[in-house]
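Reckoned from all heavy atoms, side chains included, excluding hydrogens, waters and symmetry mates.
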Amino acid sequence: MNAEDVMQELEALGKERTKKIYISNGAKEPVFGVATGAMKPMAKKIKKNQPLAEKLYATENYDAMYFAGIIADPTIMTKNDFERWIDGAYFYMLSDFVVAVTLAETDVAQEVADKWIASGEELRMSAGWSCYCWLLGNRPDSEFSKTKLEKMLEVVKNTIHEAPERTKSSMNNFVYTVGISYVPLHEKAIDTADAIGPVEMNQDKKKTKYLLASENIQKAIDRGQVGFKRKYVRC
């Protein structure tokens, strides 16, 4: 399938109700409104195809950009490729669930994520923290520096309440993910979550949301999920 074939297929799969949900979360036209599950048969047929992924990501169509992440080949993407992709990620569903997810399947994931976290830019920071969540939830604990993650927990504790709104969510998720998926710092993450307390997150055109990592960690503990690792980063 070429880019035109994919766009036609995505448009046919679009649903108005799904489109409205995406737009309510920050997507901008053009949007078809394709459920992620509906993309799977086409993704299975195409498999990984980086040239096609690049063409689709460049369309600025949300559904095509999301699908680009599904068929991208992270093993051949460079740091510059990821910088270009994050530049095009205009809201969190792209920065956190397309770019960060794809980055998490590379050997340069931590290096790039660290740079984004330090950038001071809301969606880059959000993608950086999110990337660590995808990494921690998939890779063995031995691949991470305990000291580094401890310092990152301290950064979250000291800065989350003043962070940009979307970054707050990713930082909160980071504390939760360390608490559940990185066993060496399980207790430290719980202490950090308790110290942070509720985090107020203002959402555009939506009610204020309160994030509480401690409550979510406890729920996961009750479900016996400590040490959880997913088999794949991308579905």
Just so I know, are the side chains of Val226 and His186 near enough to count as touching, which here means a heavy-atom distance under 4.5 Å? yes
Are Arg84 and Asp87 close enough, and set up right, to give a salt bridge (charged side-chain N to carboxylate O under 4.0 Å, His left out), and what steps lead you there? CA-CA 5 Å; Arg84 184 162 38 80; Asp87 283 340; over 6 Å; no
Would a 4.5 Å heavy-atom cut-off, applied to side chains only, mark Lys229 and Asp141 as touching? yes
Asn80 and Thr78: side chain donor to acceptor below 3.5 Å: no
Donor-acceptor pair, distance only, cut-off 3.5 Å: does the side chain of Asp63 make one with the backbone of Gly33? yes
We want to know whether Asp96 and Ser170 form a side-chain donor-acceptor pair, criterion being a heavy-atom distance below 3.5 angstrom. yes
Within the 3.5 Å criterion, strictly below it, is a donor on Ser169 or Asn172 matched to an acceptor on the partner's side chain? no
Charged N-O contact under 4.0 Å between Lys209 and Glu200: no
With side chain to side chain donor-acceptor pair (under 3.5 Å) as the test, pick out the partner of Asp222 among Gln225, Gln218, Lys219. Gln218
Regarding Asp114 and Gln110, is there a side-chain donor-to-acceptor distance under 3.5 Å anywhere? no
Do the two ring centres, one from Phe32 and one from Tyr62, sit under 6.0 Å apart? no
Check for a donor-acceptor pair, side chain of Tyr176 on one end and backbone N or O of Ser214 on the other, with a separation under 3.5 Å. no
